[in-house]
Trainee: 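My questions all concern the structure below.
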Amino acid sequence: MTLKMANTSANIVALMEHLAKALVEKTHEVFAEAFDEKGETVIELEVAESDVGRLIGRQGRMARSLRTIMNAAALRTRKRYVLEIVE
């Protein structure tokens, strides 16, 4: 992985963490971590148990929107990203 690719991956992780902190009440309990799994980068977004519903949204609309933003930001890397929301 080149430095530019690693930097882009870190930027996407920081973007997801920033967006999640804007949506939840307990911002100090938001953590984002990226790891490679089966040729794709998984971004695990950890939030407080009481904030999971806020991040997923009604009928998953908020989670779908976060994934859309993430995929739009990742277009230049030509790499697949997956967002997982955990408590």
Trainee: Same cluster or not: are Ile43 and Val82 linked, directly or through other Ile, Leu, Val, Met, Phe, Trp or Tyr residues, by side-chain heavy atoms under 4.5 angstrom apart?
Mentor: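 No, Ile43 and Val82 fall in different hydrophobic clusters.
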
Trainee: Throw together a table of side-chain donor-acceptor distances under 3.5 angstrom for residues 64-74, partners on residues two or more places apart or in other chains.
Mentor:
from  : atom 1 : to    : atom 2 : distance (Å)
Arg64 : NH2    : Gln59 : O      : 3.2
Ser65 : OG     : Arg61 : O      : 2.9
Arg67 : NE     : Leu83 : O      : 3.3
Arg67 : NH2    : Leu83 : O      : 2.9
Thr68 : OG1    : Arg64 : O      : 2.9
Asn71 : ND2    : Arg67 : O      : 3.1

Trainee: Roughly how far, to the nearest 0.5 Å, is CD of Glu46 from CD of Glu44?
Mentor: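 CD of Glu46 is found 7.0 Å from CD of Glu44.
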
Trainee: Using side chain to side chain contact (heavy atoms under 4.5 Å, CB included), reason through Asp51 and Glu29 one step at a time and then give a plain yes or no.
Mentor: CA-CA 9 Å; Asp51 285 328; Glu29 293 187 35; over 6 Å; no

Trainee: I'd like to know whether Tyr81 forms a side chain to side chain contact (heavy atoms under 4.5 Å, CB included) with Ile12, so could you lay out the CA-CA distance, the side-chain angles of the two residues, the decisive distance to 0.1 Å, and finally the verdict.
Mentor: CA-CA 9 Å; Tyr81 286 83; Ile12 293 173; 3.8 Å; yes

Trainee: Please enumerate all residues that pass side-chain hydrogen bond (donor to acceptor under 3.5 Å, both in side chains) together with Glu37, with sequence neighbours excluded.
Mentor: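 Checked Glu37 against side-chain hydrogen bond (donor to acceptor under 3.5 Å, both in side chains); zero matches.
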
Trainee: Would Val42 end up clustered with Val30 when hydrophobic side chains under 4.5 Å apart are linked, directly or stepwise?
Mentor: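 Hydrophobic grouping puts Val42 apart from Val30.
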
Trainee: Between side-chain atoms of residues 13-24 and protein atoms elsewhere (two or more places apart, or another chain), which donor-acceptor pairs fall under 3.5 Å?
Mentor:
from  : atom 1 : to    : atom 2 : distance (Å)
Glu17 : OE2    : Lys21 : NZ     : 3.4

Trainee: Would you mind checking if Lys79 and Glu40 are paired as a salt bridge, meaning a charged N to carboxylate O distance below 4.0 Å?
Mentor: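 Salt bridge: no.
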
Trainee: Please evaluate residues Glu25 and Ser50 with respect to the criterion side chain to side chain contact (heavy atoms under 4.5 Å, CB included), reporting the C-alpha separation (whole Å), side-chain torsions for both, the decisive distance (0.1 Å), and the verdict.
Mentor: CA-CA 9 Å; Glu25 286 185 357; Ser50 60; over 6 Å; no

Trainee: Which heavy atom in Lys26 sits nearest to a heavy atom in Ala48, and how many Å separate them?
Mentor: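 Minimum heavy-atom separation between Lys26 and Ala48: CD-CB, 3.8 Å.
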
Trainee: Going through the checks in order, is the side chain to side chain contact (heavy atoms under 4.5 Å, CB included) test met by Leu45 and Leu55?
Mentor: CA-CA 10 Å; Leu45 199 54; Leu55 208 57; 3.7 Å; yes

